[in-house]
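Structure record follows, encoded as structure tokens.
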2 protein chains.
Amino acid sequence: MTRILITDDEAKIRELIVKYARHEGFDTDEAENGMEAVEKCEREHFDLVIMDIMMPELDGFSAVKEIRKTHPDLPCIMLSALGEEYDRIHGFDVGVDDYVVKPFSSKELMMRIHAILKRTQRAAASGDQFVLKGLLIDYSARTVTIDGERIQLSPKEYELLVYLVRNAGIALTREQLLSTVWGYDFFGDDRTLDTHIKLLRRNLKDYASYIVTLRGVGYRFEKAD
Amino acid sequence: MTRILITDDEAKIRELIVKYARHEGFDTDEAENGMEAVEKCEREHFDLVIMDIMMPELDGFSAVKEIRKTHPDLPCIMLSALGEEYDRIHGFDVGVDDYVVKPFSSKELMMRIHAILKRTQRAAASGDQFVLKGLLIDYSARTVTIDGERIQLSPKEYELLVYLVRNAGIALTREQLLSTVWGYDFFGDDRTLDTHIKLLRRNLKDYASYIVTLRGVGYRFEKAD
DNA sequence: TGATTTCTTCACAGAGAGTTCACATTAGCC
DNA sequence: GGCTAATGTGAACTCTCTGTGAAGAAATCA
């Protein structure tokens with residue numbers, strides 16, 4: 001059963017979405033503001049979150065940002081009032097999957113929900129673990145283990161590793177890595193990426209050599225040896 | 001370089017999108033209607049297609065449907081006029097990746113382009129290969145394998161090989177090779193190209209003879225023997 | 001708030017890659 | 001077969017890119 005959390009301060013809008021979502025066979029829960037949404041996400045499992053932007057207590061973006069800390073892959077659809085253009089862009093930045101402009105048609109919203117679920121379920125189906133010999137990444141626990149021993153990675157190192165590993169066997173350009181792991185608008189030093197690769201390699205010990213340098217291009221995580 | 005095909009019957013809209021897309025570093029081409037878009041997609045390579053729905057000759061949906069026959073993974077963004085709700089839903093059905101409602105802001109369109117490219121990069125990158133007997137080039141991994149054994153090529157050697165192979169069976173002049181692989185602004189020594197060809201041949205071992213010298217012209221990669 | 005961790009920047013070193021050059025070799029032409 | 005112009009070759013040189021440690025800045029935590 002697919003569970004959707006509907007977050008909006010207007011009860012009428014929540015009810016409307018609930019009605020249609022149930023009709024599509026989804027299980028629903030509601031939250032009145034960002035704070036409540038964050039709390040519910042910490043306690044319960046959801047497959048998708050619908051989130052209004054303008055809300056009392058905690059706005060939609062801050063809420064998504066907060067939720068993403070513990071659930072980095074939980075799909076989010078934002079609801080934005082017409083004209084909130086800045087919000088839209090900011091939304092994609094935070095890592096929102098889609099947004100719908102109010103007033104929206106319920107059919108449209110349902111279509112977008114289905115599209116996103118289809119897209120993310122594929123990724124989720126591939127298991128929430130990555131294993132390569134003695135290297136184990138547990139995505140849900142956000143931990144990395146080498147030969148049975150838990151290793152400590154900084155947030156950036158972990159994200160970098162995950163992106164590399166999820167694209168194992170594929171050459172990733174420096175731009176791709178920077179724009180994905182650091183964000184679309186990173187304009188920092190050229191050595192930032194190298195430095196994190198260095199730290200990551202150091203922590204990966206024997207598996208460091210799986211991160212291959214592609215001179216003039218970027219890096220690639222080897223699928224096998 | 002990311003290439004985007006912009007399809008709309010209104011020249012003004014095309015120009016607007018072209019302007020912003022170029023600004024974002026994309027390479028662009030235009031089509032006036034669905035028919036032209038289909039033809040261009042068959043002849044040239046694009047990374048993304050932007051497509052208006054209402055057009056003379058061939059409408060957007062039919063065009064996407066047609067394009068998908070030969071390019072099932074080519075991302076498409078539809079442009080729909082306000083109120084064409086049915087179109088939207090139908091669009092997702094055809095397998096459109098996203099749509100933007102007119103009148104749209106250019107920033108919003110660019111954000112959606114970036115979002116989709118990011119999403120499809122992974123899928124698009126994998127499974128792209130060239131095979132000739134025991135010679136295998138994996139474009140996504142950026143690796144070359146000979147008889148099952150991975151060989152190491154320098155960046156220039158790899159690019160040179162890729163360009164030759166992508167134009168297998170076609171005579172390429174020295175000027176073409178230099179301006180494509182080195183860049184149109186290369187004014188170096190005559191021996192530079194030879195030297196790289198030499199190194200490439202050495203690395204290709206038994207397959208070296210596939211790079212044929214065309215005296216007074218350039219080189220050609222043999223399609224078969 | 002202060003302490004600690006993490007991230008970014010910077011200067012420099014080193015390795016790898018690219019270019020140039022002198023000369024050898026080859027192919028085509030008479 | 002010799003001549004000429006073009007390509008092939010090895011080695012030296014130069015350059016560009018990545019790796020690295022250290023230090024300062026920023027974020028996080030207590």
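Below, read A as the first sequence line, B as the second, and so on, with proteins coming before strands; counting in each chain starts at 1.
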| message | So, applying side-chain hydrogen bond (donor to acceptor under 3.5 Å, both in side chains) with A:Tyr219, which one of A:Thr213, A:Thr173, A:Asp194 is it? | response | A:Asp194
At under 4.0 Å, does any side-chain N or O of [X] touch on OP1 or OP2 of [N]?
| X | N | answer |
| --- | --- | --- |
| A:Tyr158 | C:dT6 | no |
| A:Arg201 | D:dG19 | yes |
| A:Ser154 | C:dT5 | no |

Whole angstrom is fine here: how far is it from [atom1] in [X] over to [atom2] in [N]?
| X | N | atom1 | atom2 | value |
| --- | --- | --- | --- | --- |
| B:Arg202 | D:dG8 | CZ | P | 13 Å |
| A:Leu214 | C:dA17 | CG | P | 11 Å |
| A:Glu159 | C:dC7 | CD | P | 9 Å |
| A:Asp194 | D:dA22 | CG | P | 17 Å |
| B:Ile197 | D:dA6 | CD1 | P | 18 Å |
| A:Asn203 | C:dC7 | CG | P | 11 Å |
| B:Lys198 | C:dT25 | NZ | P | 14 Å |
| A:Ile211 | D:dT20 | CD1 | P | 12 Å |

| Just wondering, more than 12 heavy atoms not from B:Tyr20 lying within 6.0 Å of its OH? | no
| task | For the pair A:Glu222 and A:Arg220, evaluate salt bridge (charged side-chain N to carboxylate O under 4.0 Å, His left out) and give the outcome as yes or no after the intermediate values. | result | CA-CA 6 Å; A:Glu222 288 289 6; A:Arg220 182 186 64 225; 2.8 Å; yes
| query | Taking A:Leu74 as the fixed residue, which of A:Asp47, A:Ile67, A:Leu5, A:Leu48 is the one that meets the side chain to side chain contact (heavy atoms under 4.5 Å, CB included) rule? | reply | A:Ile67
| task | Would you give a per-nucleotide map of nucleotides 8-15 of chain C, 5' to 3', where B means the base has a protein non-hydrogen atom under 4.0 Å away, S means only the sugar-phosphate does, and - means neither? | result | BBBB---B
| query | What nucleotide among D:dT18, D:dG8, C:dT6 has an atom nearest to a side-chain atom of A:Pro155? | reply | C:dT6
| Atom of A:Leu193, atom of A:Trp182 and distance for their closest heavy-atom approach | CD1-CZ3, 3.9 Å
| request: List the atom of B:Ile151, the atom of B:Lys205, and the distance in Å for their closest heavy-atom pair. | output: CG2-NZ, 4.1 Å
